[in-house]
Amino acid sequence: MKNTRTFLSIAVISFLFILFFNTEIRSQENTAHKTIEQKIDSILPLLTLEEKVAMCHAQSKFSTKGVERLGIPEIWMADGPHGVRAEISWDDWAYAGWTNDYITAFPALTCLAATFNPEISGKYGFSLGEEARYRKKDVLLGPGVNIYRTPLNGRNFEYMGEDPFLASTLVVPYIHGVQKNGVAACVKHFALNNQEHWRDIINVEVSDRALYEIYLPAFKAAVHDGGAWAIMGAYNKFRGQYCCHNELLLNKILKTDWNFDGVVISDWSGAHTTMESALYGLDMEMGTGTDGLGTTTDSYYDNYYLANPFLEILKKGEIPESVVDDKVRRILRLMFRTNMNNNKPLGKMNTKDHQEVARKVATEGIVLLKNKDGFFPIKDDKDLTIAVIGENATRSMTAGGGSSELKPKFEISPLEGIRARFKNATILHAMGYETGPSVYAQVLAPTLDLDSLKVNAIETAKKADIVLFVGGLNKSHLQDCEGDDRQQFGLPFGQEELLNEIYKVNKNIGFILLTGNAVEMPWLDKVNGLMETWYLGSMAGHAIADVISGDVNPSGKLPFTFPAKLNDNAAHYFGESSYPGDGINQYYKEDILVGYRWHDTKKIKPLFAFGYGLSYTTFNFTDVKADKKTYTNNDNIVISCKVDNVGNMNGSEVVQVYIGKSKSKVKRALKELKGFQKVFVDSGKNKTVQIDIPVSSLAFYDESISDWNLEKGEYICYIGNAADNISKKIKISIK
Ligand code: BGC
């Protein structure tokens, strides 16, 4: 009895303490917040109109002006999503030639998405934020969360795949991680920049339903749950208005409906008129010239739409001063969170921790697509000869690609990684083919003799027990690169022919595919093993060797569908008016049926489905159940599932829960991802996972009421480890 009383008193005291402590923290946060707003209130009247306007546009390629006389600093920004870009010259795109801007290159965001691991996304964001802070950057121009609509989009590698729920779940911890360092994440490209071809001119027409259900959720999560301090407008138009000053996207949805209190930054030269920039939500204009993507002209910055022309209309009273005050308030708020935050950390660069995070993300994101007769893992045996063939075995994948290009302190190539890990086996190498260097907006010819490269590769393959073909795309123009799209769905640079020739002399082939996109695979039968290894950054080679050797059991899952042929993809199915458009407009005719939603609903078998990825061990899902049969609006659906590792190796599996509405008054996808969890299970053991899904997340966007609508009735939960591999279906009902 006495013990119970003591226990109760301790419990009550602890509860009161926690309550007091939490309230105290909250009130401190409120005070800190108020102080910032009060400080801004006191700064604004001190600024001249000229000073305010000067804060709203670039003063160099990657910085904006402060107000020196008041001690308000400049803002410095850097690309990008996968690492902090090298210093660029003040007034042109050339590299500044610094020697202290070598960084850690992290894996591309497709790889991060393939980890299906929000925790590691937080570590990624934090490490990257530390590097940005160390480099004295206040704004990091990333992450990118445009939705994967077509496999031809040159920039898919910078984004998080085709599913809004997956991208939303992973973007939030990334942003938290970056911003803990006093560095603003600038989420891009808002919105509908889903292709590079004609990105500066194309007008996207899409239904409200697809806009809200597919293209906006990751941005909304970034703002609402991630608390992003900045967002970048996209180049393209939406419903006839450029996205960098789009009344609906920026004023209504972002700033009014979502209460975004940060800064809207234009994509570089994405602003096109002064009045619209002033009135329709843009806060800061960045770029190259005033003529919309024009070329560099010294000191052009004063002529930006949000520079002298803006000042002029303010002075003439054509727009009220409150317009510029709101922009400056947002900019100052961003500054108090970043460069004027006295408690910000100092940051770190190229630490062992950062390299470990890069390697962990890379190994967790690699997706094993095919493994006939246990081709992988490969044992490091002294009697084994491995021929590593393909340009991608040695080519830098941090060079090129556009604004996400990096200058890493080092980049371990696949060949180096394999050589370092396979010390006993004999490793032979042949390039097989060569392509020119990756230069922005240009395709440069190769310099070596292609026939000799091919002959040498075939000779090399003949001598080996195993061929590892390291191919795919690269970061050159018209491949996985900003500025334009791919022009073919198949492998480029004659790789298919080379593979066919190699197959004639050696049938034991494993393909290590380096891409940020799906590719067509008419050659799939000719390879015994296939791994999608993305662009992995500094630790690429080590990570690839980790998985090839079996030091790490693969657990990555595809964040987008691999269609068997291009027309199986929804955007392409509807022809040119859907992709790429006619140069003026394009219509997203597939509407909400993007990616696996299309394949499932139309029963088009993909080559590899969304969520798919093999392991070296075998998992079984048993005891799959929902906690109830009937739910109401505010409930959570709790799905539990026992994951048995019945194979010989420890490993991780991703339990995926999709939900669909069988009879609906509106068009629906067969099923949509609503929850997932990655779980590590030792060989011979099992773990039970529990996935909570708010019933509210089953609502569809109802155009007739311009709001979300939760239909009552029967739903089906599909639990599996890929969109096309469902172990159990459970009927539930919403009352
Ligand atoms: C890209 C942005 C990038 C900016 C600055 C633009 O061309 O679209 O993503 O942040 O350049 O490099």
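Hydrogens, waters and symmetry mates play no part in the numbers below; they use all other heavy atoms, side chains included. Every number for a ligand or one of its atoms is a count from 1 in the order of the listing.
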Practice problem: Check each atom of ligand 1 against the heavy atoms of Phe62 and keep those under 4.0 Å away; list them by number with element. | Solution: 5 (C), 12 (O)
Exercise. Considering only non-hydrogen protein atoms, determine which one is nearest to atom 7 (O) of ligand 1 and report residue, atom name and distance to 0.1 Å.
Key: Glu482 OE2, 2.7 Å
Quiz item: Any N/O of His189 closer than 3.5 Å to an N/O of ligand 1?
Solution: yes
Quiz item: For ligand 1, which atoms, with element, lie under 4.0 Å from some heavy atom of Lys188?
Solution: 2 (C), 3 (C), 9 (O), 10 (O)
Quiz item: Backbone, side chain, both or neither: what part of Glu405 comes under 4.0 angstrom of ligand 1, heavy atoms only?
Solution: neither
Self-check item: Lys407, NZ: over 12 other non-hydrogen atoms inside 6.0 angstrom
Solution: yes
Practice problem: List every atom of ligand 1 that sits less than 4.0 Å from any heavy atom of Ser403, numbering the atoms from 1 in the order shown and giving each element. | Solution: 1 (C), 2 (C), 3 (C), 9 (O), 12 (O)
Quiz item: Under the ring-ring contact (aromatic ring centres under 6.0 Å, His included) test, which residues partner Phe260, sequence neighbours left out?
Solution: none
Practice problem: Using a strict cut-off of less than 4.0 Å between a Lys/Arg side-chain nitrogen and an Asp/Glu carboxylate oxygen, indicate whether Asp92 and Lys61 qualify as a salt bridge. | Solution: no
Quiz item: Which protein non-hydrogen atom lies closest to atom 6 (C) of ligand 1, naming both residue and atom, and how far is it?
Solution: Asp267 OD1, 2.9 Å
Quiz item: Just wondering, more than 12 heavy atoms not from Lys52 lying within 6.0 Å of its NZ?
Solution: yes
Practice problem: Could you name the option among Val139, Ile265, Asp79, Leu141 that has the heavy atom nearest to atom 10 (O) of ligand 1? | Solution: Asp79
Quiz item: Quick one: does Arg199 get a heavy atom under 4.0 Å from ligand 1?
Solution: yes
Quiz item: What atoms of ligand 1 come within less than 4.0 Å of a heavy atom belonging to Arg85?
Solution: 12 (O)
Quiz item: Does Arg149 count as lying over the ring of Tyr579, i.e. NZ or CZ under 6.0 Å from the six-ring centre, within 45 degrees of the axis?
Solution: no
Self-check item: Numbered atoms of ligand 1 (with element) below 4.0 Å of Tyr235, judged on heavy atoms
Solution: 6 (C), 7 (O), 8 (O)
Quiz item: Hey, what's the ring geometry for Phe190 with Phe219, parallel, tilted or perpendicular (30° and 60° as the breaks)?
Solution: perpendicular
Quiz prompt | Heavy-atom neighbours of Trp90 CH2 exceed 12 at 6.0 Å | solution = yes
Quiz item: So, does Met232 sit close enough to ligand 1 that a heavy atom of it is under 4.0 Å from the ligand?
Solution: yes
Self-check item: Electrostatic pair Asp138-Arg133, nearest N-O below 4.0 angstrom
Solution: yes
Quiz item: Is there a heavy atom in Met286 that sits closer than 4.0 Å to ligand 1?
Solution: no
Quiz item: Out of Glu87, Glu130, Glu131, which residue meets the salt bridge (Lys or Arg N to Asp or Glu O under 4.0 Å) rule with Lys137?
Solution: Glu87
